[in-house]
Each structure stands twice: as structure tokens, then as C-alpha cells.
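Just so it is clear, the model here is predicted, and its values are computed rather than measured. We name chains A, B, ... by the order of the sequence lines, and we start the count at 1 in each one.
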Protein chains: 2
Amino acid sequence: MDETDRKIIGILAQDARRSLTDIGAAVELSPSSVNERIRRLVASGVIRRFTIDADHRALGLDVLAFVWVGLSPDADEAAFRTFMADHPAVAECHHVTGAWSYCVKVRMPSLGDIEPFLAELKRRRFLARSETVIALSTVRDNQFTSPER
Amino acid sequence: MDETDRKIIGILAQDARRSLTDIGAAVELSPSSVNERIRRLVASGVIRRFTIDADHRALGLDVLAFVWVGLSPDADEAAFRTFMADHPAVAECHHVTGAWSYCVKVRMPSLGDIEPFLAELKRRRFLARSETVIALSTVRDNQFTSPER
DNA sequence: AGTTCTTACCAATTATTTTCCTGTACATTT
DNA sequence: AAATGTACAGGAAAATAATTGGTAAGAACT
């Protein structure tokens, strides 16, 4: 992981379809060297996968919400994590410091879909308490943040 | 935007490097038809960009935090949004309902980098109050969530 | 009904890109 | 100095993507 690798990652984060020749020109390396570096970055897990950044609204997921979860004392935490990992509406789930146990980011077709989701969490005895915050608008939503600065 | 388009998006979200032939086999379409659909999805903005999912830890961004921002009454909100859009540590920034104005997701090299970030927000008179929640571990972190149940 | 327009699709060709292989240069170790 | 390892470049081969031209189905209009 040197400066060149970081540059390549930056380029791919912006546009993962850039050709090896193109990237090579940007980092002053031959296409085959760039290829070898990308292969290594994927193999070592620095690059987890190639993916797309989609417009969730266009896909019918109009609602973005953060659900703060206070896990109930008798909750099966492993089951909770599995549930979060598998649930299609869950975009992110982090164990956090502070008053809450988990911060869960969910995307849903409509506001009406949030209640059944919370009800399900309750039914499974995960919840001691929760708080839901709706995102009204999004200023920025990147997976990637530039490492420099 | 039909069912086939959604399938294609699902496939690309999983692995944006799948070949047109491959995708075509999955959705029962010729490679050129798949290509045409992807081109259209990009042109219409449903696919915002092709990108990578990187391991932030490996890139030296060990800390993930959510900063809840209560904007000060006299804050220049447009300036705040510009600041958020440009700041390299900011991964997400959403205007939200509830007690706070904004939810800001940041990635930083170390815990020590959070304070200067907050100080800068204060210096620019954006902050009335704030609360920072650190992510201890991440159960899930996807950009994409499947639309179907 | 016939004509035009549009849209989606496929097959075949062409262009580009990726992949794989080999040799070289350079640094490190013995 | 010889041996080893690593990163790189160049080029051939393979795979993939983009383009083009043509067909078919359906909608809108005459």
C-alpha cells in the first residue's frame, strides 16, 4: 500500500470503469502494472468489491432513516446481528458508543414501512427502546472519503 | 425501469465487473441489450457511477463516527452544506427530523482528528450544539439495499 | 386497414480492453 | 559476486465491450 495504490483506489472510487491504460497514464505506470496492483488490492481485501452507486429514489426507496436501537438486556445479540446482516432494508448497522447500542441505517419504499420493521424488532425481543430519525434531504452520500487531508 | 432493469442493478451492485454476456445470461437478454439498458440507466441517472467498496481500515481510516449537529440559529446553512460537501472526512450528511438538524457520518484516521473537525465547525459558527457517536464495530455497511423483501 | 413512428431486441462485426507470459532492472540477502 | 525476490514493461492472445444494421412488435395517426 503505497501512494500509487492510494491514487488508483481514488481513481476507481470515482469511476471504476476507467481502463488500465487510462489509470496507467494517471499514475505513470503500464497497464499491466496497474492490473497487477489492482489484482493485489482485491486479493488483500483493500478493495472489497466493484459496485455501483445507484439512485435509491429511482429504485423506489424513497425513505432513508436512522434507527437508534437500545438492545434489551435479555436480547440475543448474535441473533440481532444476523437479523441486521440479512434484512433487505438495512443499509448499515454499527455498534456504537453512547446512550444507544446500535445505529441502524435503513432504506424503505415509504414511511409506512418503518413501523412493521420496528414491530419485528420488538417481536423478536431485541428492543428495549428505540428512536427513529428520518432523513429529509441528503447533502452528501459517499461510500468513499478521500484519505488525504 | 422494469423488473429486468432492477435485476441488472442488483447484479451490478454485487459485482460491477460482471461481463455483459454474463449478465445477459442471468436476465435472459443478449449482451448488446444489456449494454443498452445499462447505458440508459447511467444516462437517466439511476446508476450514478461505477465505484468500489474499499476497506477504510486498510486505507488508514480507522475511526467511523456520527456527528449530530444542531445548527446555530444564525448559521449560514448554505455554507454549512458546501462545507460538508467538500470536506474530505465527510462520508454522508443528511438533514434530519428530530432534535438535531443534521446527521454527519465521518471517517478519520484517529480519534484525535475528531476534535479539530468539531472545532472547525464551531469556528465557522455552524454549531449550536453537537453530539458525537463513535462506531465501535460495524455489522453491515452497504451502499445498496435490495428493493425486494 | 394501412402507414408511419418508436421501441426493444438480436446477430455480426469491429474496436478496445484485459489477461497472461517473458524478460529486465533494481534492491536485498547470503 | 551470486542468488533471490519484487516491481515493472512490452507484446501476444483472449476476452470483452461498443457499434452497426436489421427485424419485429406495438402505438399513434391517416
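A:Asp2 pairs by the side-chain hydrogen bond (donor to acceptor under 3.5 Å, both in side chains) definition with A:Arg37, not counting sequence neighbours. Take B:Phe50 and apply the ring-ring contact (aromatic ring centres under 6.0 Å, His included) test, not counting sequence neighbours, and it matches no residue.
Ring orientation note: the planes of B:Phe83 and B:Phe126 are tilted relative to one another, at an angle of 30° to 60°. Ring geometry for A:Trp68 versus A:Trp100: interplanar angle of 30 to 60°, hence tilted.
Under the 3.5 Å distance criterion, with hydrogens and angles disregarded, no donor-acceptor pair is assigned to the side chains of A:Thr138 and A:Asp141.
In the 5' to 3' direction, nucleotides of DNA chain C lying under 4.0 Å from heavy atoms of chain B begin and end at C:dA8 to C:dA11. Chain A approaches DNA chain D over the interval D:dA7 to D:dG10, counting the first and last nucleotide 5' to 3' with an atom under 4.0 Å from its heavy atoms.
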| message | What verdict does the salt bridge (Lys or Arg N to Asp or Glu O under 4.0 Å) test give for B:Arg40 and B:Glu36, after you've listed the backbone C-alpha separation in whole Å, the side-chain angles of each residue and the deciding distance to 0.1 Å? | response | CA-CA 6 Å; B:Arg40 253 201 321 264; B:Glu36 174 59 16; 3.5 Å; yes

| request: Kindly indicate, with the supporting measurements, whether the criterion side chain to side chain contact (heavy atoms under 4.5 Å, CB included) is fulfilled by B:Arg81 and B:Met84. | output: CA-CA 5 Å; B:Arg81 296 168 82 106; B:Met84 286 297 147; 5.6 Å; no

| Derivation and outcome, side chain to side chain donor-acceptor pair (under 3.5 Å), residues A:Tyr102 and A:Glu77 | CA-CA 11 Å; A:Tyr102 286 89; A:Glu77 193 155 348; 2.6 Å; yes

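Side-chain atoms of A:Arg129 never come within 3.5 Å of backbone atoms of A:Gly70 as a donor-acceptor pair (strictly under, hydrogens ignored). Without hydrogens or angle criteria, B:Arg140 side chain to A:Cys93 main chain gives no donor-acceptor distance under 3.5 Å. Proximity of a side-chain donor or acceptor of B:Ser72 to a complementary backbone N or O of B:Ala128 within less than 3.5 Å is not detected. A donor-acceptor contact shorter than 3.5 Å is absent between the side chain of B:Ser33 and the backbone of B:Leu29.
Comparing the local axis fitted to the first five base pairs of the helix from C:dA1-D:dT30 to C:dT30-D:dA1 with the one fitted to its last five gives a bend of 30°, rounded to 10°.
Interface residues of residues 32-44 of chain A facing DNA chain C, ordered by number: A:Ser32, A:Asn35; criterion, heavy-atom separation under 4.0 Å.
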